Amino acid sequence: VVPYYKALDTMMASVQPPRALWSDTEIFEEGSLDKNYSAAPAARVLEQLSAEAPYVGGAVSFAWQYLSPYMGKPGASKLYEQYHLRTQQR
């Protein structure tokens, strides 16, 4: 991921008019062949965000239902709690 964002960051510096590069972080993991997706571990999501941070102006998330504890996706409540706790410690 880092070489990709580093190359994009270099290219974006020359774009006119200026544009911001943002990350679209996937916060889910693919399950079995039946496409049973679940929320990704918070450690993986935060590691990905940290790796991208030097090269992007911000981040959005795909897909919100894997972070929302109200959408009924497996692991979403745990991911939300872990993410919330870790971001509050910063």
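Remember, predicted model here, so these are calculated numbers, not experimental data. Both backbone and side-chain heavy atoms feed into the values below; hydrogens, waters and symmetry mates do not.
In this structure, the side chain to side chain contact (heavy atoms under 4.5 Å, CB included) partners of Ala59, at least two apart in sequence or on a different chain, are Ser23, Thr25, Leu49.
Closest approach of Val45 to Ala40, counting heavy atoms only: CG2-CB, 3.9 Å. Here the closest non-hydrogen pair linking Pro54 and Ala51 is CD-O, 3.5 Å.
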All N/O donor-acceptor pairs, side-chain side in residues 8-21, below 3.5 Å, sequence neighbours left out:
residue	atom	partner	partner atom	Å
Thr10	OG1	Lys6	O	3.1
Ser14	OG	Met11	O	2.9
Arg19	NH1	Pro17	O	3.2

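A chain of hydrophobic side-chain contacts below 4.5 Å, direct or via other Ile, Leu, Val, Met, Phe, Trp or Tyr residues, connects Val2 to Val56.
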